[in-house]
Amino acid sequence: MIKVEHLFYSFNDLPLLEDLNFEVKSSEIIHLKGVNGSGKSTLLKILSGILNNFQGKILLSTDNVFFLGHNLGLKDSLTVNDNLLLDYRFNAEAESLDEACNIFDLNSLRDSKLFSLSQGQKKKVSLVQFFLSKCDLFLLDEPFANLDKKGIELIENMIIDRQNQGASIIFTSHEEHNISSRELIL
Amino acid sequence: MIKVEHLFYSFNDLPLLEDLNFEVKSSEIIHLKGVNGSGKSTLLKILSGILNNFQGKILLSTDNVFFLGHNLGLKDSLTVNDNLLLDYRFNAEAESLDEACNIFDLNSLRDSKLFSLSQGQKKKVSLVQFFLSKCDLFLLDEPFANLDKKGIELIENMIIDRQNQGASIIFTSHEEHNISSRELIL
Amino acid sequence: MRQFFSQLISFPYFFKLAQLSFPYIFVISIFVILLGVSWGVFFSPSDATQGDVYRIIYIHVPAASVAQSIYYTMVVASITYLIWRIKMASVFMISMAPLGALFTFLALFTGAVWGQPTWGTWWVWDARLTSTLILLILYLAIISLFSSFDRRDSTDQAVSIIVLIGGINLPIIKLSVEWWNTLHQSASITLSGSSIDNEMLIPLLISILGFYIYVTAIGMRRMQIEIIKREITHNWVKTIFQEKR
Amino acid sequence: MRNFYFKTFQRDSRVYLSRSSSFLGPIVFFLITITLYPIAFGSDEEQLAELAAGIIWISILLANLLSHQFIFNEDYKDGSLDLVLTSGKSLFLWASIKIFVNWYFSSLPLIFISIFTSFMLYLPFDAALILAITLFLGTPILSMFGALAGALTLERGNIVGSSIVIPLCLPALILGILAIQSYKNEELFFYIFLLAAFLFFSIPILIASCLGAIKLHFE
Amino acid sequence: MRNFYFKTFQRDSRVYLSRSSSFLGPIVFFLITITLYPIAFGSDEEQLAELAAGIIWISILLANLLSHQFIFNEDYKDGSLDLVLTSGKSLFLWASIKIFVNWYFSSLPLIFISIFTSFMLYLPFDAALILAITLFLGTPILSMFGALAGALTLERGNIVGSSIVIPLCLPALILGILAIQSYKNEELFFYIFLLAAFLFFSIPILIASCLGAIKLHFE
Ligand code: HEM
Ligand SMILES: Nc1ncnc2c1ncn2[C@@H]1O[C@H](COP(=O)(O)OP(=O)(O)OP(=O)(O)O)[C@@H](O)[C@H]1O
Ligand SMILES: Nc1ncnc2c1ncn2[C@@H]1O[C@H](COP(=O)(O)OP(=O)(O)OP(=O)(O)O)[C@@H](O)[C@H]1O
Ligand SMILES: [Mg+2]
Ligand SMILES: [Mg+2]
């Protein structure tokens, strides 16, 4: 799925990623670890094609990539519903949308503007997007942060679901999660 | 330290906090829990005086309050150093600043603009502020989110330190922490 | 030749070259300027119509000329940077823009001082003056971009984009300002292309040459400073500072 | 996927319409600045008629640049831009759509309103029509320059961005005003032709520059 | 604690100076808008001299409002405002300091530059001096209105805010222009006195309104 060879990345001449080599096969779940500032978010951004001026080789066998960053990519001035309906990564049908919102307890908030949601609820909206999109590679940057217990469990299950469907997942988290097939430490 | 009686708060006519009653003594550590959207952040904002139009009675025996919210209150365009030196809650002397930055591994970043820090590093800067200020009441909203293991331990120890100095701490977190004297569930 | 260029765009080599040559170029420029200006001011005859006021020409025209030339060299640098990513080109742009602004201001100022006795007014909205003013504004705008980025590469690229677009646009602006001006015809006084006496022309040319050399010298110094700012963490800079001590 | 562009279009329109402020903002700004001039210059009919073309064009220029300055800003801050970059779709088309939506909602209404205001400033009817035509050709240029300003100062949208690009908008302004002032002459067509040519050549250059400027922030 | 206010002052100055753009932005904006007018109106000396006061005042008004619009915005978004509210310190003084810092860095330079531009617009020397005086009295008013505009549209700084407050700035604009136009007469002092009075009474009212507007966002 992914093959990274001799990846170098530096920020203002300060080397951040140095000679990184790894491989991810399909149906793998990778837990990306590292102290604050070790470059986890940067690596995910490079893999997803957001950052470009790296050195080295990155081979991706798909361009159907889902990325979730620290900034969630949601529109504050739109309602939860619009945020889901107008996401280009999936075509939400009424049913699946109902179901997904139900799972995350967002049903009562579907007509609220995103602006008025709590931190964790916003995260949940972007996780509904995760739930609804069918990609081959999922790059999730701290998907568990700000979520309550139930939310964390839900996401863990969803990640495993995706794995069973043949997708690969790389996620970062500072907690322990026993769902990962492998850990990658930066 | 704090006494809350019959606290009601509603947002756009939707009741959020209903008839809340509790008391916090000095040298207590309260772990505020609750699912996403249960009003934890809102409660902390009310206690710290940011939100005002609540109903009910809140008695605070101090007005020397430290608040840490989801938005950290740091200036993106200033360096880490300036962010610390120009914080009004403490007068940072060179030594204590050195020490604090050392603890959080921020020494090499002290002249970087805050903008260029990683999510967790930003959090750490605001926790240096926590470390340096001497207040009687600390209201910390998800202080552990985005932090690496070492950071979490550090904060836990600091909270206990503050308790030993007679201060009260209320923090929210979705994880378990065995430092709290009491849990408060919303 | 090719090797010479590739050396010139390497920071350490350029730094050393500039370090060695700066004193000479600087001294020469001062000498040439003094020669041109003093010849013009003390020895050339006074103008038939303007008297002695015209002598300000020995500052005004060189400044105006340098101000424009700097912009065009910056456009070349920006193209170089955008195509080949040569960092030296961006160092050049960032070091020269303030100089350009300075000389544009000097041209405006001396022109205004000259205009008062000859035209009886500080300023006319004639095509040349207006486009000089716009050039100054463009320089200031470019300078104001310098610090709106936190990443250096971004600053470099933003500056080169805006320099380039300005470069494409500058002739268009000039042309349109000229149309506008000819349509209005109200500025009764314009800079006339009157032929100048040889005795005035030679010191003027010397003075212009002096200004160009001076800009080269100061520009090199500024580029050195900019290079140090960028490479402060690199070893070759550290060794230079150690040698100094 | 056609879907991507269509949803971009929909989302941007929705965002625009979700706040009456972004729709009314430029209009209110334009109307108010227009009224400043008679107050500041005195209400002499002939003088105003003479200045009208300039007043309207300057006000449109400012309103347009200022309202377009935030086109890419929000997308950058809330992370939507990251998602667009991951999508692998053509950024050129994406940016064009965004600029078009913004032009449609903020500049098009201004063009209609400018016809009314031109009567308030005693511009003859023929000249007012020419004004509308020049604005129709000129405002897209202004919008693109505004977008460029925003793209250059993505991290913080402020007054700098627009001040950088105003000098670059001068040709459009001059041609527009010249066309209106020569509304009785033959030259009119020449100026309008030039303006159209300027628009034609600006589109690829400016949108490409916008993309270049945006990419600067992702390196 | 004096410390709180002093540090606010320091921090705001530092933020301002940390980007050359926020310093040069209003200057560039002012210079370029000033240049737009002769280009748009034609370069007739007498006409320009007559319009000069209006042109400069309008340009200053726009530059000032637009650069002051984000005074409270950033503090709101990054959470600093929360901290100020927790501090229990006088918000009035805090807001005054912020407005002062912004006035000092963005309006004061404009006043000096306006003297040069007034020569370019053929304003007589005496009138240029009066212009500077009226600007000195008027720009703080504009700054406060700009701050109010920002406080009203805290969530997203956009063009709307400033357009709302422009009408409120009209008295300052009119008095300033009247004073300049009567620079030879006795009435001059009357207008300047009125302007000073307007400034004097605006300070408490406008700053209090800013605070009111800010507090609306925390309910
Ligand atoms: C592109 C910028 C400029 C260039 C290349 C330039 C060049 C020249 C040259 C070659 C002359 C002498 C030739 C002659 O006598 O006509 C001259 C004269 C003059 N320039 Fe400039 N100039 C520039 C901008 C300005 C500006 C911005 C001002 C005013 C602020 C100005 C004011 C004058 C005046 C007052 C004279 C004497 C006019 C006269 O003899 O009638 N110039 N300039
Ligand atoms: N400005 C506001 N003031 C008060 N309540 C708000 C505001 N904005 C949103 N709310 C509502 O209050 C509810 C609770 O928000 P709050 O941020 O307090 O939750 P929380 O317990 O902190 O959740 P989380 O664990 O996700 O951070 C949200 O559902 C939201 O709809
Ligand atoms: N735009 C950027 N591109 C690349 N590197 C950056 C950028 N901005 C900041 N950096 C630097 O890269 C380092 C790593 O940042 P990154 O966000 O990847 O860390 P992280 O591993 O995700 O940390 P955290 O656990 O705190 O989220 C930071 O120390 C920062 O100085
Ligand atoms: Mg990260
Ligand atoms: Mg919360």
Side-chain angles (χ1 to χ4, degrees), chain C residues 71 78-79 81-83 85 90 97 101 104 125 127 130-186, chain D residues 50 53-54 57 76 141 144-145 148-182 185 187-188 190-191 194-195 197-198 201-202 204-219:
Chain C
Y71 198 87
S78 86
I79 296 172
Y81 182 78
L82 287 173
I83 297 179
R85 300 276 141 170
S90 74
T104 318
W125 290 95
T130 308
S131 39
T132 310
L133 179 64
I134 291 169
L135 185 66
L136 174 67
I137 295 169
L138 212 55
Y139 274 128
L140 290 182
I142 291 166
I143 295 169
S144 73
L145 256 187
F146 284 0
S147 73
S148 44
F149 294 89
D150 299 276
R151 217 163 311 125
R152 206 176 302 116
D153 293 350
S154 308
T155 314
D156 293 350
Q157 231 164 327
V159 168
S160 28
I161 287 179
I162 205 77
V163 167
L164 182 61
I165 293 190
I168 297 172
N169 222 334
L170 213 55
I172 304 179
I173 292 176
K174 272 205 165 154
L175 211 65
S176 50
V177 170
E178 242 152 58
W179 276 329
W180 156 77
N181 199 51
T182 46
L183 195 85
H184 282 285
Q185 288 295 352
S186 60
Chain D
E50 200 182 316
W57 253 92
Y76 177 71
I141 303 178
M144 286 185 289
F145 272 117
L148 177 62
L152 283 171
T153 54
L154 216 46
E155 264 132 40
R156 32 186 161 273
N158 56 17
I159 194 175
V160 192
S162 46
S163 31
I164 294 172
V165 297
I166 296 180
L168 306 177
C169 298
L170 269 181
L173 179 89
I174 293 177
L175 289 173
I177 293 174
L178 284 179
I180 299 165
Q181 284 175 343
S182 51
N185 314 349
E187 292 150 40
L188 165 65
F190 177 60
Y191 294 128
L194 281 182
L195 194 58
F198 192 46
F201 287 110
S202 310
I205 295 178
L206 288 184
I207 295 184
S209 318
C210 281
L211 295 187
I214 288 175
K215 286 204 183 125
L216 303 185
H217 299 261
F218 296 95
E219 293 231 306

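The basis for the numbers below is simple: all heavy atoms, side chains too, and nothing from hydrogens, waters or symmetry mates. Chain letters run A, B, ... following the sequence lines, proteins first, then strands; residues in each count from 1.
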- prompt: Do C/Ser176 and D/Leu170 touch side chain to side chain, with heavy atoms closer than 4.5 Å?
  reply: no
message: Less than 4.5 Å to any heavy atom of chain C: does that hold for the side chain of D/Phe145, its backbone, both, or neither?
response: side chain
field: Contact class of D/Ile164 relative to chain C, heavy atoms under 4.5 angstrom
entry: both
query: By a 4.5 Å heavy-atom criterion (distance strictly below it), what part of C/Ile173 contacts chain D: side chain, backbone, both, or neither?
result: both
query: Under a 4.5 Å heavy-atom cut-off, does chain C meet the side chain of D/Ile177, its backbone, both or neither?
result: neither
message: Can you tell me which residue among C/Ile172, C/Leu138, C/Ile134, C/Leu170 is in a side-chain contact (heavy atoms from CB on, under 4.5 Å) with D/Leu168?
response: C/Leu138
field: Engaged part of D/Leu194 at the chain C interface, taking heavy atoms whose separation is under 4.5 Å
entry: side chain
- prompt: Does the side chain of C/Ile165 reach to within under 4.5 Å of the side chain of D/Leu148, using non-hydrogen atoms?
  reply: yes
statement: Note: D/Leu152 and C/Ala158 closest approach over all heavy atoms is CD2-CB, 3.7 Å
query: How many angstroms lie between OG in D/Ser163 and CG in C/Leu140, if you round to the nearest 0.5 Å?
result: 10.0 Å
field: Shortest non-hydrogen contact from D/Pro167 toward C/Ile137
entry: CG-CG2, 4.0 Å
